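All values derive from a computational prediction rather than experimental measurement. Lettering of chains follows the sequences in order, A, B, ..., and the numbering in each one begins at 1.
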Protein chains: 2
Amino acid sequence: MTTISPQGRTELLRPDGSPVRVLVVDDELSITELLSMALRYEGWQIRSAGDGQGALQAAREFRPDAVVLDMMLPDMDGLAVLGRLRRELPDVPVLFLTAKDAVEDRIAGLTAGGDDYVTKPFSLEEVVARLRGLIRRSGAADRRSDSVLVVGDLTLDEDSHEVSRAGDSIHLTATEFELLRFLMRNPRRVLSKAQILDRVWSYDFGGQANVVELYISYLRRKIDAGREPMIHTRRGAGYLIKPAVS
Amino acid sequence: MTTISPQGRTELLRPDGSPVRVLVVDDELSITELLSMALRYEGWQIRSAGDGQGALQAAREFRPDAVVLDMMLPDMDGLAVLGRLRRELPDVPVLFLTAKDAVEDRIAGLTAGGDDYVTKPFSLEEVVARLRGLIRRSGAADRRSDSVLVVGDLTLDEDSHEVSRAGDSIHLTATEFELLRFLMRNPRRVLSKAQILDRVWSYDFGGQANVVELYISYLRRKIDAGREPMIHTRRGAGYLIKPAVS
DNA sequence: TCGGAGTCTGTGATTTCCCTGAGAAACGCA
DNA sequence: TGCGTTTCTCAGGGAAATCACAGACTCCGA
């Protein structure tokens with residue numbers, strides 16, 4: 001079932017109306033903290049574990065709808081954890097976290113079952129987007145909930161990556177797309193540059209904070225050009241997006 | 001009965017509307033995991049077994065509509081398992097998994113009864129396609145569900161392997177065909193190179209990721225040459241196929 | 001009106017990503 | 001075995017995307 005939260009965000013809910021449950025497994029505390037916060041912000045219920053044993057126990061007790069699983073755990077091989085997790089939770093989709101270079105060796109193939117993976121360092125927007133995709137497709141949440149974000153006459157399709165305003169198709173680069181997705185998932189809400197940097201760029205991004213200004217500028221040229229503006233600056237606070245006629 | 005899932009994929013269902021049931025028999029846990037995940041993603045119900053005894057027991061209890069059977073099992077000869085399986089499930093089609101060199105000796109002939117086989121290492125697209133064919137032909141699923149994928153003026157027949165665009169027949173190599181099939185089974189959806197590699201190439205493929213770029217290039221020459229392009233690149237995201245006039 | 005903090009954007013360097021030609025290796029078939 | 005086909009690697013070229021920098025602009029309070 002899909003409802004609109006007070007903030008205007010679309011929430012995934014289970015068929016019985018209760019929040020989606022996600023288990024996060026990583027041995028780095030900073031990562032589980034980071035993910036837990038971001039995912040709670042989605043309105044999901046989060047449990048975390050730091051090793052394979054804890055993951056299996058949590059899986060039994062918590063019965064999550066999806067699992068975020070680091071492939072590098074201290075006590076058990078990631079594949080072994082996955083195998084035993086599968087026995088416990090046969091139909092639950094898994095989002096793997098993996099180092100950039102480890103992909104070919106071990107992940108290839110695993111993602112075929114509808115699972116997915118993200119390489120470290122990741123951006124939170126990406127993790128959230130992929131998790132939403134997995135949960136939506138797994139059927140834990142209502143299948144009718146689709147993958148299109150709409151704000152005013154602006155639409156963004158998370159599957160096809162298509163963006164259009166008032167019927168005109170707009171081409172965005174990968175970064176522009178992620179930024180706009182983040183804005184549109186939080187319409188009418190002021191997002192600070194720090195928040196945007198945290199969510200849209202990788203968590204270890206070390207560059208200048210004004211990339212956000214730069215990309216807002218790019219987006220405006222493509223989305224607001226010659227139209228009633230939808231992207232607004234709140235000086236000293238951040239940016240927000242809202243329907244043009246409000 | 002054929003229904004369209006949210007992703008736009010066609011699902012096979014039994015006449016009573018319940019999901020198709022498939023039994024996977026292999027002694028390598030990684031293989032049963034891989035297959036179980038991929039086949040569940042097709043919307044099928046999966047049971048797995050690691051040896052001949054387990055397979056026979058599962059066959060009795062689970063009453064599958066199709067069986068994936070590795071010919072190399074620890075406790076029993078593959079042929080023996082097959083024989084006893086046949087006594088239990090006379091009309092159920094079997095997809096054999098076999099090493100590349102063992103083919104001629106023993107499998108040829110077995111497949112005469114409407115069964116089929118795939119050599120290890122296989123690609124998931126191939127296993128799924130062959131299983132779909134077996135199930136469809138066995139009558140467990142509704143026969144009306146057809147085997148032709150259509151996107152715009154492009155058609156691909158999964159049975160005859162015929163491909164044509166705007167009436168012009170197009171010859172594709174095996175790899176090109178599988179890649180195009182995967183794209184066409186996910187129209188208007190961005191597929192990452194990693195996803196494509198996972199599904200279209202063998203699970204143990206260790207090569208360069210740019211084979212995907214290469215084969216996309218081949219497909220374009222054959223399918224898009226001199227026409228309105230249907231295969232599109234989303235830089236930094238992946239590829240997608242969609243009707244030319246959209 | 002002036003000044004400063006905050007924001008916007010043009011320019012260009014650098015990096016990343018993608019495409020494709022050439023050829024080697026593996027395969028299939030006669 | 002030999003030949004044509006298919007698969008895949010490698011490497012170069014080129015296009016696009018990303019980002020730093022700096023100067024211009026805007027807003028707002030003194």
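Formation of a donor-acceptor pair under 3.5 Å by the B:R130 side chain with backbone atoms of B:E125 is not found in this model.
Remark: B:D116 does not engage B:R137 in a salt bridge, criterion side-chain N to carboxylate O under 4.0 Å. Remark: A:R221 does not engage A:E176 in a salt bridge, criterion side-chain N to carboxylate O under 4.0 Å. Salt-bridge formation is not detected for the pair A:R136/A:E158: no Lys NZ or Arg NE/NH1/NH2 atom is positioned less than 4.0 Å from an Asp or Glu carboxylate oxygen.
For the atom pair NZ of B:K120 and CZ of B:F96, the computed distance is 14.0 Å after rounding to the nearest 0.5 Å. Note: A:S202 OG to A:D198 CG = 11.5 Å, rounded to the nearest 0.5 Å. Here B:Y239 contributes atom OH and B:T233 contributes atom OG1; the two are 5.0 Å apart, rounded to the nearest 0.5 Å.
For the OP1/OP2 pair of C:dG6 and a distance below 4.0 Å, the side-chain nitrogens and oxygens of A:K193 include no atom meeting the criterion. One finds a side-chain N or O of B:R221 lying less than 4.0 angstrom from the OP1 or OP2 phosphate oxygen of C:dG21. Using a 4.0 Å cut-off, some side-chain N or O of B:Y239 falls inside it from OP1 or OP2 of C:dC19. When the side-chain nitrogen and oxygen atoms of B:S217 are compared with OP1 and OP2 of C:dT20, one or more of them lie within a distance under 4.0 Å.
Using five terminal pairs a side, the axes of the helix from C:dT1-D:dA30 to C:dA30-D:dT1 at its two ends make an angle of 30°, given in steps of 10 degrees.
Ring geometry, A:Y203 versus A:F122: the interplanar angle exceeds 60°, so the pair is classed perpendicular (tilted spans 30 to 60°).
Contacts with DNA chain C (heavy atom under 4.0 Å) in residues 224-235 of chain A: A:T233, A:R235, listed by number.
With DNA chain D read from its 5' end, the first of the two nearest nucleotides for B:T173 and A:L172 is the one closest to B:T173.
Distance A:I216 CD1 to C:dG6 P: 18 Å, rounded to the nearest Å. Whole-Å rounding puts the A:L219 CG to C:dT7 P distance at 17 Å.
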Got a list of protein N/O to nucleotides 19-25 of chain D N/O distances below 3.5 Å?
unit_1	atom_1	unit_2	atom_2	d
D:dC19	OP2	A:W201	NE1	2.9
D:dC19	N4	A:Y218	OH	2.8
D:dA20	OP1	A:Q208	N	3.3
D:dA20	OP2	A:Q208	N	3.1
D:dA22	N6	A:N210	ND2	3.4

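Looking at heavy atoms from C-beta onward, A:L35 lies out of side-chain contact with A:D26 at the 4.5 angstrom threshold. Side-chain contact between A:W201 and A:T175: present, with at least one pair of heavy atoms (C-beta onward) separated by less than 4.5 Å.
Of all non-hydrogen atoms in A:D159 and A:S147, the two that sit nearest each other are OD2-OG, 3.3 Å.
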